Amino acid sequence: MLRMNLVDINGVLLEVARIGAPGPNDRREPLLFLHEGLGSIAQWGDWPASLCAATGREGVVYSRRGYGGSSPVPDVRGAGRLGPDYMHREALQVLPALFERIGIRQPVLVGHSDGGTIALIHAAHHPVSACVALAPHVMVEDISVSGIEEARHEYEHGSLRERLARHHDDVDSAFWQWNDVWLSPAFRAFDIRKELGAITAPLLCIQGEQDRYGTLAQIRDVQSAVPAALLLEIADCGHSPHRDQRDTVNAAIANFLRDVN
């Protein structure tokens, strides 16, 4: 069951939902879900609930600013345009404030795409119980840029805007904050691989072999920086392993977290 409310983080209202509730003797940390660049609480569908059930843990899901029912980004293509450091700001400024506000300490981070990158950045700078990154971006590849250029064309000329509008109160805020920054020349230098060596928490990275937004070099470079990291490369799977191969992903994460508090 989702319990939804709005949380004020420095004057920005973020929609936050909790899934389930810990038992009276359950001291394990909850799963904290971090959505992709066009995601939101609604866009996840029922996967967070299914993973909470598979792991026996409480879950927390939230929509970043400009997504879902959270506060929009004013003048998103002008003065409000995001900079190349937007994932660092989410990981290092918003998440600590959110955790303090809702009363969680060291959750298990579960992030997809941009959310996976945010999870990795946060785990490199703050203690967490564990980190699961699905299809993260640790550097910018040509395949990523090509995929995002295709998304822009589909948004402007196809049905993508209509499909996304089902999940976002301000669909233009959601789309352009992501698309503009990814296609900016300054973002081509984005690279967090040197930061990742500071991660000490248990780490699992998952990626589909047919990911149209990144090659397997993304998660293999994570393991180069964090040798203890576990990798799962999944055949017949695209950019969203939790949708394309849900049972495989849930089983892998549940097994990974078996001995994690």
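Quantities reported herein were computed from a predicted structural model and do not represent experimental measurements.
Side-chain contact between Leu216 and Leu231 is absent, with no heavy-atom pair separated by less than 4.5 Å. Within the 4.5 Å cutoff, the side chain of Val249 has heavy atoms near those of the Ile234 side chain. Side-chain contact between Tyr213 and Gln218: absent, with no pair of heavy atoms (C-beta onward) separated by less than 4.5 Å. Between Ile148 and Asn179, the closest side-chain pair of non-hydrogen atoms falls below 4.5 Å.
Under the 4.0 Å criterion applied to side-chain N and carboxylate O atoms, Arg152 and Asp180 are assigned as salt-bridge partners. By the 4.0 Å N-to-carboxylate-O rule, Arg161 lies close enough to Asp172 to be salt-bridged with it.
In this structure, the side chain of Glu233 does not engage the main chain of Glu209 through any donor-acceptor pair within 3.5 Å. In this structure a side-chain-to-backbone donor-acceptor pair under 3.5 Å is missing from Glu90 to Leu95. Thr55 places no side-chain N or O within 3.5 Å of a backbone atom of Ala254 that could act as its donor or acceptor partner. At least one donor-acceptor pair closer than 3.5 Å links the side chain of Glu154 to the backbone N or O of Ser159. The closest donor-acceptor contact from the side chain of Glu141 to the backbone of Thr215 lies under 3.5 Å. For the pair Arg64 (side chain) and His35 (backbone), a donor-acceptor distance under 3.5 Å is present. Checked by atom type and distance alone, the side chain of Arg212 never pairs as donor or acceptor with a backbone atom of Gly238 at under 3.5 Å. In this structure a side-chain-to-backbone donor-acceptor pair under 3.5 Å is missing from Gln106 to Ser129. Listed for the Ser71 side chain is no donor-acceptor partner under 3.5 Å among the backbone atoms of Val12. Checking side-chain atoms of Thr117 against main-chain N and O of Val138 turns up no donor-acceptor pair under 3.5 Å.
Annotation for Arg188: atom CZ counts as buried by contact number, over 12 foreign heavy atoms lying within 6.0 Å. For Asp259, the CG atom sits in a loose shell: 12 or fewer heavy atoms of surrounding residues, nucleotides or ligands are nearer than 6.0 Å.
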* **Intermediate values then yes/no, ring-ring contact (aromatic ring centres under 6.0 Å, His included), His242 and Phe33** => CA-CA 12 Å; His242 57 293; Phe33 292 86; 9.2 Å; no

* Asked: Stepwise, does the ring-ring contact (aromatic ring centres under 6.0 Å, His included) test hold for Trp47 with His112?
  -> CA-CA 12 Å; Trp47 180 65; His112 171 230; 8.4 Å; no

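Under the 3.5 Å distance criterion, with hydrogens and angles disregarded, no donor-acceptor pair is assigned to the side chains of Ser173 and His168.
Using a 30° and 60° split on the angle between ring planes, His157 and His153 fall in the tilted class, from 30° to 60°.
Residues Leu82 and Tyr155 share a hydrophobic cluster, clusters being chains of Ile/Leu/Val/Met/Phe/Trp/Tyr side chains in contact below 4.5 Å.
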